[in-house]
Amino acid sequence: KAGVTQTPRYLIKTRGQQVTLSCSPISGHRSVSWYQQTPGQGLQFLFEYFSETQRNKGNFPGRFSGRQFSNSRSEMNVSTLELGDSALYLCASSFRTGDYGYTFGSGTRLTVV
Amino acid sequence: GNSVTQMEGPVTLSEEAFLTINCTYTATGYPSLFWYVQYPGEGLQLLLKATKADDKGSNKGFEATYRKETTSFHLEKGSVQVSDSAVYFCALINRDDKIIFGKGTRLHILP
């Protein structure tokens with residue numbers, strides 16, 4: 001079966017711009033969560049969506065937002081980009097929220113210049 | 001709050017050596033514990049898990065035992081291969097269902 005698909009794989013943006021990242025979960029998975037991975041901070045949880053509702057949120061500023069559609073696909077948006085937002089953004093899906101069988105995508109590498 | 005601490009890398013070993021990557025955690029209650037592996041250019045893959053004290057997770061020759069008395073979940077493998085070179089993440093999920101990762105340990109296996 002197809003895995004978790006994240007698009008685009010690479011992205012370069014300028015400070016102050018906004019960006020939207022996309023995640024298509026495994027078919028049948030209804031929970032999608034997002035993570036930021038940087039060399040300094042490691043992997044940090046951004047938020048989790050289940051059935052179009054945000055169920056959990058990490059400690060990130062309001063510039064980071066997301067949503068989930070009725071087909072379980074999810075988007076993450078970052079507004080007013082800062083240099084420190086440069087990171088690998090990973091998406092993971094699971095059958096249900098709190099399910100420990102997370103499957104991760106390969107990520108979107110965002111570079112802010 | 002909840003946290004995961006794992007040994008700093010990189011860890012460099014020769015093929016067929018014994019591997020231990022230490023992981024300790026701080027959490028209230030009884031979290032579930034995980035090891036994930038990230039190969040170059042890829043996302044994370046679940047390697048093994050344990051959901052209660054004294055459980056042993058195992059997969060692909062890797063093992064880890066949930067030790068509540070020492071709040072540890074150390075990853076071990078008896079004989080590593082070059083293909084095991086990757087970054088390994090220890091993680092926990094507690095009652096709030098948020099997953100907390102350690103910083104990751106990069107493992108290099110020399111042929």
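Every chain is numbered from 1, with letters handed out A, B, ... down the list of sequences.
For A:R9, the part lying near chain B is the side chain, with the backbone staying farther off; criterion is any non-hydrogen pair under 4.5 Å. Only the side chain of B:Q38 comes within less than 4.5 Å of a heavy atom in chain A; its backbone stays farther off. For A:Q37, the part lying under 4.5 angstrom from a heavy atom of chain B is the side chain only.
Annotation for B:Y30: atom OH does not count as buried by contact number, only 12 or fewer foreign heavy atoms lying within 6.0 Å. Around CG of A:N71, the count of heavy atoms belonging to other residues, nucleotides or ligands within 6.0 Å exceeds 12. More than 12 heavy atoms of other residues, nucleotides or ligands shown are found within 6.0 angstrom of CD on B:Q81. Environment of CZ in A:R109: sparse, with no more than 12 heavy atoms of neighbouring residues, nucleotides or ligands closer than 6.0 Å. Summarising the local packing, NZ of A:K57 is surrounded by more than 12 heavy atoms from other residues, nucleotides or ligands at distances under 6.0 Å. The number of heavy-atom neighbours closer than 6.0 Å to CG of B:L110, taken from other residues, nucleotides and ligands shown, is above 12.
Scanning both residues, A:Y102 and B:I93, for their nearest heavy atoms gives CE1-CD1, 3.5 Å. Of all heavy-atom pairs spanning A:S106 and B:G41, the tightest one is CB-O, 4.2 Å.
Taking A:T80 as the reference, A:R63 meet the side chain to side chain contact (heavy atoms under 4.5 Å, CB included) condition, with sequence neighbours excluded.
Note: A:S94 OG to B:I99 CD1 = 10.0 Å, rounded to the nearest 0.5 Å. Separation of atoms CG (A:L43) and CD1 (B:I100) is listed at 11.0 Å; rounding is to 0.5 Å.
In this structure a side-chain-to-backbone donor-acceptor pair under 3.5 Å is present from B:K103 to A:G40.
At least one side-chain heavy atom of B:F101 sits under 4.5 Å from a side-chain heavy atom of A:Y35.
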